Amino acid sequence: MLWSQTFIPTLRDDPADAVIDSHKLMLRAGFIRQLTAGIYNYLPLMQCVIHKIERIVREEMNAAGAIEITMPVLHPAELWQKSGRWDVVGKEQMRMKDRHQRDLVLGGTHEEVITWIVRGELRSYRQLPKNFYQIQTKFRDEPRPRFGLMRGREFIMKDAYTFDATWDGLKNAYNKMAEAYFKIFRRIGFDVRMVESDVGAMGGTGAHEFMVPVETSGGENVILSCERCDYAANIEKATSLSLADEGARPEEPRQKEMVFTPGMKTVEEVTGFLRVGPEKLVKTLLYEVDGEVVAALIRGDREINEVKLKNYMRANELVMAAADVVMRVTGAQVGFAGPIGLSRVRIIADPEVKRMRNFVVGANRDDTHIINVNTVDFTVDEYAEIRQAQAGEICPRCNQGRLQSYSGIEVGNLFMLGTKYSDALGANFIDSDGVEKPFVMGSYGIGITRTAQAAVEAFHDEKGIIWPKAIAPYDFHIVPIEITDRRQREVAFALYEELQERGYAVLMDDREERPGVKFNDADLIGIPVRISFGDRSLKDGQVEIVKRRGKEMVKIPVEKAVDKAIEIFGQL
RNA sequence: CGGGGCGUGGCGCAGCCUGGUAGCGCACUUGCUUUGGGAGCAAGGUGUCGGAGGUUCAAAUCCUCUCGCCCCGACCA
């Protein structure tokens, strides 16, 4: 491709609206342009990258026995009402009415549709297992789109769905997909990690995510992994063995006592005022869970894991109680809630609270706390693990290693759905024993466009993008310094044509621009191997070959340039 | 949904507080010079100042409403 023929609108200045490096670079390098919040145009270079990612995905999916189809973007509301997700997915689901006033949704995922397809068509266990996939634009009305393609509202996704007769079959299919995902992401060049994750609104019995670890601010997820064994989980899901209160023998319970704590609302304020550590306080957090007010109790220095709480409650919606609700329930301002005398409210406590002695709680009265409280002083309805695991705690799997945390970008996910959708939509088959049973399903996603941005986030420097060769928009970038010079022009086109004849994708910068402009643009767009030359090098019959990653440059006679460039490319 | 910020030429921004008829850099066009890491000189084109309403002799500037975009939060009582 000739630069003059294509469309690569590079920007000299950082775009004002971008924050993280990958977003800035994709805009600056002319890969994407935003149309409206969370919705982007994919320009020619991006299109090349998308095609390359899609190709890898297709190859590995096909190799894993999956079959490609395309499902509609618009779905009738009834399908989602039947599965029960009409109410669960709620706001993220774009909805509209057609001219007949029928409700439609823009599909953010396709469990319902694929189940509808299979229902009645796959009738026998002999036709199983099956794995269908598609690569398609998806739409989810994210509450807050951000960071470019990282959390857009419209994005390209590969989604696959498996149908098995048994749970063992599902596990097999699941493992096969996991293997395929490792192949896909390793081919792209990622140091990808598979971590346990929450099932979220998808439902089902288990889930994993494929994460690309990043050191920049571009990671959206926090991952905890064991330094000794292979345990790794999204922090939303991660558990840990809380460090035993080492050496501390239980205190004798003391008599509880009200204390005046004027204006002391936060854990820091209260514990600072009372001169105790935050681990001596029990936070009482009030939530509205599907309309019911619930009090969650947790040690002062811990974080609540709302996902765990929500899952424990089997709730659809969980939000912090509003100030007026807190006032109504506790009779006090926000900041002074406590479990003692909190009637009519379900109290759920983290098990850690059970081991605490003589702790501080709010008194449900303004400017008042109670000290030397013990669990005998109030009633806990249920104990449930609702605390967030933290780095430094003990691994729940091997009981030995410490957990460490890092941030990652989710590029793929796997869900063991089980029979949630087949049950809801009545998708059954006749098993070998003659009994009608629901399909055991799995679903598996890869964010194609997000994967592209994750690559930029993972592979760039201060000058621009450094595409891994598997998904680079072009393999070679030819940069003649002065295209109007006859000799340079001849050499440029000779190299351009020969590389293409040998099966490579080549971009040639045939613009009449200053060398600096071309070199800077070359660094920006990040094609793996650059071949450049001007009068100076051609005088000696040589061209320069430079890898985008790293600095080393080789000079090579023109006649050997193609072979050498291909050799260098092959070593990447 | 809550809080904050920003909408001025294609892009990045100044001007707004203190109202007086719109400016800078980049980009673009033409010419000359230059030519190995974002050139120089000269000439030139480019704006419903997000939109609507209001105040005023006069509004980019003040007021009201509205639309859009970005950031933080949506959790730590």
Side-chain angles (χ1 to χ4, degrees), chain A residues 9-20 23-24 27-28 30 33-39 91 143-148 217 235-236 261 263-271 278 281-288 295-310 317-323 325-327 329-330 332-339 342 350 360-364 366-367 369 386-388 390 463-464 479-485 488 511-524 530 532-539 543-544 546 553:
Chain A
T10 58
L11 300 171
R12 198 175 286 226
D13 299 318
D14 260 349
D17 284 344
V19 179
I20 62 171
H23 186 199
K24 286 181 191 170
L27 286 165
R28 274 235 292 148
R33 284 292 183 268
Q34 183 178 48
L35 183 61
T36 184
I39 300 181
K91 293 164 212 152
R144 192 178 151 207
R146 66 191 118 168
F147 304 149
S217 57
I235 195 161
E236 291 179 351
T261 50
M264 305 294 161
K265 297 186 174 191
T266 66
V267 171
E268 297 86 63
E269 286 166 358
V270 173
T271 55
L281 178 141
V282 168
K283 288 193 279 200
T284 303
L285 303 164
L286 294 168
Y287 286 93
E288 286 183 76
L297 268 47
I298 191 154
R299 212 170 89 173
D301 56 339
R302 304 301 194 198
E303 310 288 326
I304 282 260
N305 183 326
E306 291 186 352
V307 173
K308 288 183 185 174
L309 178 58
K310 190 171 165 180
E317 195 186 1
L318 178 143
V319 290
M320 291 300 282
V325 174
V326 173
M327 179 61 85
V329 171
T330 68
Q333 293 177 54
V334 169
F336 302 98
L342 251 199
D350 188 82
V360 180
V361 299
N364 298 319
D366 283 354
D367 301 328
H369 281 79
I386 52 174
R387 58 180 278 269
Q388 187 150 80
Q390 296 170 352
K463 305 220 74 172
V479 184
I481 288 190
E482 181 48 72
I483 192 69
T484 57
D485 177 85
Q488 289 184 48
R511 293 175 300 170
E512 291 181 38
E513 282 288 354
R514 316 260 322 163
V517 172
K518 297 199 213 186
F519 289 140
N520 279 305
D521 276 348
D523 289 341
L524 231 199
R530 190 184 88 198
S532 50
F533 48 86
D535 272 344
R536 195 187 293 173
S537 37
L538 285 186
K539 199 165 54 194
V543 300
E544 292 128 36
V546 190
M553 183 249 282

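Computed from a predicted model, the values in this text were never measured in an experiment. Below, chain A is the first sequence line, B the second, and so on; all start at residue 1.
Here Ala321(A) lies in heavy-atom contact (under 4.0 Å) with a base. In this structure, Lys283(A) reaches the bases: a heavy-atom distance under 4.0 Å links it to at least one base atom across the strands shown. Counting any heavy atom pair closer than 4.0 Å across all strands shown, Thr266(A) reaches sugar-phosphate atoms only and no base atom. Among the atoms of the strands shown, none is found under 4.0 Å from any heavy atom of Val270(A).
Taking atom CD1 on Ile298(A) and atom P on A77(B), their separation rounds to 11 Å, with Å as the unit. One atom, CD of Glu306(A), and another, P of A77(B), lie 12 Å apart when rounded to the nearest Å. Rounding to whole angstrom units, CZ of residue Arg33(A) and P of G10(B) are separated by 14 Å. For Asn305(A) and A74(B), the CG to P distance is 13 Å, given to the nearest whole Å. Computed from coordinates, the Leu27(A) CG to G10(B) P distance equals 18 Å when rounded to whole Å. Computed from coordinates, the Asp14(A) CG to G25(B) C1' distance equals 16 Å when rounded to whole Å. For Glu288(A) and C75(B), the CD to C1' distance is 14 Å, given to the nearest whole Å. Nucleotide A77(B) holds its P atom 15 Å from the CZ atom of Arg299(A), rounded to whole Å.
Within the shown strands, nothing qualifies as a pairing partner of A77(B) under the Watson-Crick or G-U definition with both distances less than 3.5 Å. Pairing for C28(B) is with G44(B), a Watson-Crick or G-U wobble pair whose two hydrogen-bonding atom distances lie under 3.5 Å. The partner of A58(B) cannot be assigned: no Watson-Crick or G-U wobble pair with both contacts below 3.5 Å exists in any strand. The pairing partner recorded for C65(B) is G51(B), the criterion being a Watson-Crick or G-U wobble arrangement whose two distances lie under 3.5 angstrom. For G2(B), the paired base is C72(B) (Watson-Crick or G-U wobble, both distances below 3.5 Å).
Separation of atoms CG (Asp367(A)) and OG1 (Thr261(A)) is listed at 6.0 Å; rounding is to 0.5 Å. Summarising the geometry, atom NZ belonging to Lys463(A) is positioned 9.0 Å from atom CG belonging to Leu524(A); distances are rounded to the nearest 0.5 Å. Remark: Ile20(A) CD1 to Arg146(A) CZ distance equals 10.5 Å, nearest 0.5 Å. Within the model, atoms CG of Asp17(A) and NE2 of His23(A) stand 7.5 Å from one another, a figure rounded to the nearest 0.5 Å. Going from atom CD1 of Ile304(A) over to atom CD1 of Ile298(A) covers 4.5 Å, rounded to the nearest 0.5 Å.
The separation of A39(B) from U34(B), taken at their C1' atoms, amounts to 7 Å, rounded to a whole angstrom. Spacing between A14(B) and A77(B) at atom C1', rounded to whole Å, works out to 45 Å. Taking atom P in both U55(B) and C69(B), one finds a spacing of 31 Å when rounded to whole Å. Nucleotides C49(B) and U8(B), compared at atom C1', are 4 Å apart to the nearest Å. Rounded to whole Å, the separation between the P atoms of G2(B) and A60(B) comes to 32 Å. Only the C1' atoms considered, G15(B) is 15 Å distant from C6(B), to the nearest whole Å. Across G10(B) and G51(B), the matching P atoms stand 13 Å from one another, rounded to whole Å. Comparing G12(B) with A27(B), their C1' atoms are spaced 11 Å from each other, to the whole Å.
Checking the phosphate oxygens (OP1, OP2) of A77(B), no side-chain nitrogen or oxygen of Thr330(A) falls inside 4.0 Å.
Taking Val319(A) as the reference, Glu288(A), Glu317(A) meet the side-chain contact (heavy atoms from CB on, under 4.5 Å) condition, with sequence neighbours excluded. For the salt bridge (Lys or Arg N to Asp or Glu O under 4.0 Å) test, residues two or more places apart in sequence or in another chain that qualify with Lys308(A) are Glu385(A). Annotation: ring pair (Phe, Tyr, Trp, His ring centres under 6.0 Å) contacts of Phe336(A) (sequence neighbours excluded): His369(A). In this view, Ser532(A) and Val479(A), Phe519(A), Arg530(A), Glu544(A) satisfy the side-chain contact (heavy atoms from CB on, under 4.5 Å) rule, not counting sequence neighbours.
The side chain of Tyr287(A) lies closest to C75(B) when the candidates are C71(B), G68(B), C75(B).
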Scan nucleotides 1-9 of chain B against the protein and return all N/O pairs shorter than 3.5 Å with their distances rounded to 0.1 Å.
none

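Using a 4.5 Å heavy-atom threshold, the side chains of Lys283(A) and Arg302(A) count as separate.
When every heavy atom of Ala295(A) is checked against every heavy atom of Leu342(A), the shortest pair comes out as CB-CD1, 3.8 Å. Across all their heavy atoms, Ile481(A) and Gly534(A) have their closest contact at CB-CA, 4.0 Å.
Each of Gln34(A) and Val319(A) has a nearest nucleotide on RNA chain B; the 5'-most of these lies closest to Gln34(A).
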#### Entry: Per-nucleotide protein contact string for nucleotides 32-48 of chain B, where B marks a base within reach and S marks sugar-phosphate only (heavy atoms under 4.0 Å, - for neither)
--BBBBBB---------

